[in-house]
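Every value quoted in this text rests on a predicted model; they were computed, and no experiment measured them. FYI, side chains are in, hydrogens and waters are out, and symmetry mates aren't considered; it's all heavy atoms of this structure.
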Amino acid sequence: MCGITGWVSFDRDLHTEAATLDAMTETMACRGPDDRGTWTDGTAALGHRRLAIIDLPGGRQPMTVTTAQGTVALVYSGEAYNFTELRQQLTGRGHRFITDSDTEVVLRGYLEWGDGLAERLNGMFAFALWDGRHDKLVMIRDRMGIKPFYCYPTPDGVLFGSEPKAILANPLVRPRIGLDGLRELFTMVRTPGHAVWEGMREVLPGTVVTVDRTGLHSRVYWRLETRPHTDDRATTVAHVRDLLDDIVCRQLVADVPRCTLLSGGLDSSAMTALAARQLAEQGEKVRSFAVDFVGQTDHFVPDGLRATPDTPFVHDVARLAGTDHHDIVLDAQALADPAVRARVLRARDLPAGFGDMDSSLYLLFRAVRDQSTVALSGESADEVFGGYQQFFDEEVRNADTFPWLAMTNRHFGRDAEVLRPELAENLDLDAYIADAYRTAVAGIRRLDGESDFEYRMRRICNLHLTRFVRALLDRKDRMSMAVGLEVRVPYCDHRLVEYVYNTPWSLKSFDGREKSLLREASADVIPQSVYERVKSPYPSTQDPRYGLALQEQAKDLVARPDHPVFELVDREKAEEAAHRELPAGSQAARSGLERTLDLALWLDMYSPELTLS
């Protein structure tokens, strides 16, 4: 797990741009605290920051192979969980390895199969290869978009990086954001390829992008396809379990300390229990970590999203699975600390709007990193198996919009409510969302004979797997890599995603509850309390001192009427929010404050050029 960056220019000698390449590379020092490296041949320049996970001494990058036709150089971020099998295949084809790293497997796999390597990889990855034999750059991103990857086409080539900050460090790029960028910021539609910053784009998940003298060329090597499902319930449950056992086994491979992130929900509990069982067979004990807030368990108040606190369920799992468990308990002062907010924004490059859930995730990961370098997470199981409330709400099911927006608007209101009225009118977010929704559902194929209800649920599942999950995966990656922690996501294994996606909704919810298949597939390893527990989202603090701290910061901000944030935010609304009485523990009541403070700090840090008309 690392940070990669690079620059290809067919019209200049990049040997003279060493300082710029160094600056681009160093923006990602947090992603790779263990080592750094750069390489250039004149046309191409590659930079790498390394977090060493497998073959600590042997996996240095950029990694190169010299052939009679030219040099092939690789910068690679991620993990190939099937690298052992691929290594055996390549050895059988005559390749000789000098390291034990999965990086060398990827490099030699490209020499053998070209960009057809992409289809053979199982893992999370974003990597770029400069192929000096053909003067071309090849960029490949994993199927689900677990690892971030951005590029910026230039008149004579391309810039790329794991994060926008690496590209923004190049003087060719000006940090500009127009109306469409703001629309992406204030809606959670996750338009594929959209990077918010003008001129920049994401390398799409499941895509190979090739850059040569004729320009950029894309090839989709994987997409979520509609297929018939013929297995009965028992066979389906058994196959899900077999897949989970194999996936967890693969993702436990590391040469550094590893652990699990445990929330006490079904997803993380099943994963932790399976990991604990597998490690116990090797005489090892799995470490588990959970986030909690001072006083939350004792003074918890149920709301429309969370019926129970996490900690009692976390401890049930830890006892049954026999984990070496640690609670990371956070207080309101830490969550509201402007320095923490700044680190979160710097990690994300954008004010993404997750409030205290971003801050607590960052602080959790920072504490975990003191004891482990690799963590397994239950992220994305809700998208795969159908775990959110919106999957079961009849009104939301029938709404012609993104289902998560219908739910968040109900619980939190709209982010755009903080905007100046004239800006909100120019953005016309309702129309943007409606257009994005029509585009998103247009390509979802319906099976012959599929009922209207099953097809509607297929669409909802597809939207969560191709749009919503990418926002959460990006959040997870940025918060974890900001502290040099690799977080793996077993439920994003493409084999599991493909299989469960094509399982009819009647099977996904065969007992009338969320995530029926996962619950049944893990019933023998999880506590009864977790088996019976209703879905509860990632926790949010209920401590009123957090909201009060935000209000004090907002009062300081509105006392500066010339701050550029008030080009975006309605200052009168911000002042009213800073002085009104907040309902105790209400996440919704403080969301506007969090959004405003995030925007202000982001403008201070990045000074983007904004086009507001």
Side-chain angles (χ1 to χ4, degrees), residues 1-4 28 31-37 39 46 48-65 72-130 138-149 162 205 208 221-222 246-258 372-376 477 480-481 484-490 492-495:
M1 192 71 72
C2 308
I4 66 172
M28 294 177 300
R31 296 187 73 92
D34 296 329
D35 198 8
R36 71 174 302 279
W39 175 90
L46 307 179
H48 187 264
R49 291 292 314 210
R50 186 182 184 210
L51 176 63
I53 301 295
I54 294 173
D55 188 6
L56 308 192
R60 297 196 68 193
Q61 298 183 48
M63 187 174 285
T64 61
V65 170
V72 179
L74 168 69
V75 282
Y76 169 71
S77 171
E79 303 292 345
Y81 300 126
N82 64 334
F83 79 97
T84 301
E85 297 99 305
L86 292 176
R87 183 188 178 101
Q88 291 171 350
Q89 293 176 33
L90 290 164
T91 299
R93 291 170 178 261
H95 291 267
R96 294 295 174 261
F97 290 84
I98 59 175
T99 76
D100 294 324
S101 68
D102 59 335
T103 303
E104 188 179 7
V105 172
V106 171
L107 178 55
R108 295 190 177 276
Y110 175 78
L111 293 176
E112 181 67 31
W113 298 302
D115 66 30
L117 165 71
E119 287 90 338
R120 296 172 181 267
L121 291 172
N122 176 309
M124 55 178 187
F125 46 83
F127 60 90
L129 292 128
W130 173 250
V138 179
M139 298 182 284
I140 302 178
R141 190 177 182 194
D142 66 68
R143 295 167 179 84
M144 291 294 290
I146 304 168
K147 299 310 299 173
F149 204 177
S162 293
V208 177
Y221 71 88
W222 184 87
D246 179 69
I247 293 164
V248 170
C249 179
R250 290 177 183 275
Q251 298 198 17
L252 283 172
V253 174
D255 294 335
V256 292
R258 73 231 129 138
S372 292
T373 310
V374 170
L376 271 63
D477 178 88
S480 61
M481 294 308 294
L485 176 71
E486 174 175 304
V487 176
R488 299 175 177 179
V489 278
C492 274
D493 185 290
H494 70 278
R495 299 168 298 163

Problem set entry | Pair Glu104-Arg108, salt bridge (charged side-chain N to carboxylate O under 4.0 Å, His left out): steps then yes or no | CA-CA 6 Å; Glu104 188 179 7; Arg108 295 190 177 276; 2.9 Å; yes

Could you check whether any side-chain N or O of [X] sits under 3.5 Å from a backbone N or O of [Y], counting only pairs where one atom can act as donor and the other as acceptor?
| X | Y | answer |
| --- | --- | --- |
| Asp142 | Lys147 | yes |
| Arg258 | Leu252 | yes |
| Arg93 | Gln88 | no |
| Asp34 | Ala52 | yes |
| Asn82 | Asn122 | yes |
| Asp102 | Val105 | no |
| Arg488 | Gln251 | yes |
| Ser77 | Cys2 | yes |

Do you know the tightest heavy-atom contact between [X] and [Y]?
| X | Y | answer |
| --- | --- | --- |
| Ile4 | Ala126 | CD1-O, 3.5 Å |
| Arg31 | Leu51 | O-CB, 3.5 Å |
| Ile146 | Gly123 | CD1-O, 4.4 Å |

Problem set entry | Salt-bridge criterion met for Arg120 and Glu85 (N-O under 4.0 Å) | no

When you compare the side chain of [Y] with that of [X], does any pair of heavy atoms fall below 4.5 Å?
| X | Y | result |
| --- | --- | --- |
| Ile53 | Asp255 | no |
| Val72 | Leu111 | yes |
| Pro205 | Arg141 | yes |
| Pro257 | Val374 | no |

Apply side-chain hydrogen bond (donor to acceptor under 3.5 Å, both in side chains) to [X] and list each qualifying residue two or more places apart in sequence or on a separate chain.
| X | result |
| --- | --- |
| Thr373 | none |
| Trp222 | Glu498 |
| Tyr110 | Asp131 |

Problem set entry | Test ring pair (Phe, Tyr, Trp, His ring centres under 6.0 Å) applied to Phe127 - qualifying residues, sequence neighbours left out | Tyr76, Phe125

For this session: Go through the structure and list residues passing salt bridge (Lys or Arg N to Asp or Glu O under 4.0 Å) with Asp493, not counting sequence neighbours.
Result: Arg495

Problem set entry | salt bridge (Lys or Arg N to Asp or Glu O under 4.0 Å) involving Arg60 - partner list, sequence neighbours excluded | Asp35

